2 protein chains.
Amino acid sequence: MMDFLAQCRAIAGEAYVVDAPADMAAFLTEQRGRFTGKALAVLRPGTVEQVAALVRVCAEHRIGIVPQGGNTGLVLGSIPDASGRQVLLSLARLNRIRKVDAVNRTMTVDAGCILEHLQQAAAAEGCLFPLSLAAEGSCTIGGNLATNAGGTAVLRYGNTRELCLGLEVVTPQGEIWSGLRGLRKDNTGYDLRDLFIGAEGTLGIITGAVLKLYPQPKASITALAALPSPVDALRLLVLMQDHCGASLTGFELMSRYCLDLVAQQFPALPRPFAEAHPQYVLLELSSSESEQHAVGLLEHAIGAALDGGVIHDAVVASSVGQSAGLWQLREHIPLAQAKAGKNIKHDISLPVSLIADFIAATGPLLDAAFPGCQLVCFGHLGDGNLHYNVAPPPGISNDDFLANQDKVNRVVYDSVMAFGGSISAEHGIGALKREELAHYKSAVELNMMRAIKAALDPLGIMNPGKVL
Amino acid sequence: MMDFLAQCRAIAGEAYVVDAPADMAAFLTEQRGRFTGKALAVLRPGTVEQVAALVRVCAEHRIGIVPQGGNTGLVLGSIPDASGRQVLLSLARLNRIRKVDAVNRTMTVDAGCILEHLQQAAAAEGCLFPLSLAAEGSCTIGGNLATNAGGTAVLRYGNTRELCLGLEVVTPQGEIWSGLRGLRKDNTGYDLRDLFIGAEGTLGIITGAVLKLYPQPKASITALAALPSPVDALRLLVLMQDHCGASLTGFELMSRYCLDLVAQQFPALPRPFAEAHPQYVLLELSSSESEQHAVGLLEHAIGAALDGGVIHDAVVASSVGQSAGLWQLREHIPLAQAKAGKNIKHDISLPVSLIADFIAATGPLLDAAFPGCQLVCFGHLGDGNLHYNVAPPPGISNDDFLANQDKVNRVVYDSVMAFGGSISAEHGIGALKREELAHYKSAVELNMMRAIKAALDPLGIMNPGKVL
């Protein structure tokens, strides 16, 4: 392997081929600390050409390559396995914003750019790059693209897939595909872009992208609605969309259990309602016109929801600070969960119209199998995406309960599949859900995926052991 | 071949395997009458299972299959070649709307459904299916998906690709892939859906789809603006998007030459302005709130455009009839061209920000090569999509000028590529632009496309001779 590492050093430079265990540790450990992989080396190229040359060397030596951006993934997709025979290839040094085009409403960027920096660069040109998620301060756009990240703006702007017009990719042969097209319409052959997006680095390495920008909204306004049940939350969603169209930019469901947990763990946070309600919906409206327009629209829609008996009560934020306070409640749910102890997490999606039925059907199934277990159910209801987490029954330790993970997953995922849903809405498959994928996908679909993998990466060097 | 046809008849029924030349003629002739292919037979299956069984028989006999929907394509994508050794497989009998789900905002449909019927079915549930194009009365959704059709609503709602959540596909092996998922988020493996969309039937046969629906807008309003140049049209686009956000649903550029042609050929149509202007933009705004809101928004934006000197003049439609009249001007451009005589058509796209530069640079190139030639330049400016058609110089017959087609194409497409554009924005490649594709695509991209084709269709029976 000395020959291999020497070749890598000749390409990337001595300082950027890291093989001292202490220096590799941060790259090899999954962010929640659940797993640490091993690697021959961490490669840190500084140019696309270096990425391509490194891939050619890896191909020559049949060495598996694990691409990594900000290492914020949740499914072990960017961590090498325990064999020590793979290399980790970090895209972090490719972090240049190549071009912002405010008239074409596009931004051409390196894969290693931090998401938050891209949001800021767009804003500096009076535009919005809408992708937004908890890890935005450290995740990279290359990772967002490779995993087709979701986040809080999907209802209005779509997933990362919908925010990308073109890609630059280093193929498993170490060639550079320059697909950095900034076009709204292009029907010239197969859609390779969308094949690489969401492939989690198993078909090639995304090194650059053309991203869509939008006009910056003039105002946003937030409200919290209290309501009896998930069925009513669906009624509210339809009502809000009919009233507000594309101005509805956020619609997050939170159960009473979630907000009670937040209140318990973070007593300093606001409590918007004097009494408790079974369900809550956090609403966000954005206006391309004015704050007055946003307020008028929201008040009108909420009035209709109250009149129609769809909601019990609602609080409308009257300041940016109050808006932030309401969003804090939502964002503190995972933090409160973490403080309360580990639980069994699921990132699932369903047809929006079946969410209430899914919730009604799945709770009893879990309760029958694990009497007294607690559901921490919240998420992006407008996208059909639930974070459906299962906490131990009172009196059972979190660690003991975690031993049931496989059984709990089976109950939840079987129910998801029965309702036509997905076992991974926005987090991807990685190494963590690879067996679940093989369990739930049809043979026809798996065979097509395997045929594509074999066709584009015949040596099997791109992120081996992930997804398929 | 008797054995083959007998097997087909056993599957689809005697009446639905057509091989009498007179009965096949309508299926084998391209809609503009430019080419008539030959076929062993026209197969007209009535179920997805029949499609799959027919594909298996074709695979057994190594017979190429040309899928066809409404036969409205413009690039010879759904017409068999002249060999007489292929079969045409019509999806027209698969025309059932399987389900409309107004809460999930989805519609599950057979591939052979006529686009207009889907628009009507959505409207009956208070929803909008936004795909809209000239052929909507006879094109099918399967064809729209196979060619990733564009149309007049792309600015707001995207291409057909963006309007589809799931597919059902018969593979080249005659298996049925049931990917009819109605999910907004699903990150479980490779994006096969987007691979089949736009593949023009070369990777498999789309038999069903889950389509996205939107809330029906409460009001739409149309205006026609007169302005000095394409540069000003881009300024107007940015201004309108900043003022109106997602309410801007149409933005069509038309040159003076286009409207003069319409006035000449259709003197009964309205002439909105007393004097002529170099360029015109047809604007459409939709409001999810009310007509009053749409009118206020449009008047405010147009006021700002007049104040800023971006436009010379504007006419706002004050009735549905006036709106339709303005759209008629746009829709009559291709009809006026057809009446005036054949010309050399291009369906191109560019980065929106470079459209004015492209127009400024390409006209002189054409004029140098073909002195006095006339440009009929119009299109979906908001999407960067121009219909850039070249008519003969005065005194030269259309037929004589058409002999220059390859040379004209080379000038136009070379310029398109120099500006980072696409030689097929919304019409696809088919058989017509196959050589252009091979000429302009990079080897890296072509090789990936060929590898995917070989992996999924190793016998090469799916729409042979199209795209690749």
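By convention in this document, chain letters (A, B, ...) are assigned in the order of the sequence lines, proteins followed by strands, and residues within each chain are numbered from 1. Predicted, not measured: the structure shown is a model, and the values here were computed from it.
Residues in residues 149-158 of chain B take part in no side chain to side chain donor-acceptor pair (under 3.5 Å) pair, two or more places apart or across chains. Residue pairs satisfying the salt bridge (charged side-chain N to carboxylate O under 4.0 Å, His left out) criterion with at least one member in residues 234-247 of chain B, sequence neighbours excluded, are listed as follows: A:R105-B:D242, B:D232-B:R235.
Of the listed residues (A:G126, A:S178, A:G428, A:A454), the greatest number of heavy-atom pairs within a distance under 4.5 Å of chain B belongs to A:G428. Among A:P351, A:A246, A:A455, A:G384, the residue making the largest number of heavy-atom pairs under 4.5 Å with chain B is A:P351. Chosen from B:V103, B:L183, B:T106, the residue pairing most often with chain A at heavy-atom distances under 4.5 Å is B:L183.
Under the 4.0 Å criterion applied to side-chain N and carboxylate O atoms, B:E445 and A:R181 are assigned as salt-bridge partners.
For the residue pair A:T188 / B:K441, a side-chain donor-acceptor distance below 3.5 Å is found, with atom types taken as modelled. Using modelled atom types and a 3.5 Å distance limit, the side chains of B:S353 and A:N104 yield no donor-acceptor pair.
For the pair B:E289 and A:H243, the tightest heavy-atom approach, listed with the atom from each and the gap, is CG-O, 4.0 Å.
Using a 4.5 Å cut-off between heavy atoms, B:T147 touches chain A through its backbone atoms (N, CA, C, O) alone.
Between A:K185 and B:H380, the closest side-chain pair of non-hydrogen atoms falls below 4.5 Å. Here the side chains of A:F196 and B:D191 are not in contact, with every heavy-atom distance at 4.5 Å or above. No side-chain heavy atom of B:Y214 sits less than 4.5 Å from a side-chain heavy atom of A:Q241.
Heavy-atom neighbours of chain A within the stretch residues 163-171 of chain B, taken at a separation under 4.5 angstrom, comprise B:T171.
For B:E435, there are no side chain to side chain contact (heavy atoms under 4.5 Å, CB included) partners two or more places apart in sequence or in a different chain.
Within 6.0 Å of NE2 on B:H439 lie more than 12 heavy atoms contributed by other residues, nucleotides or ligands.
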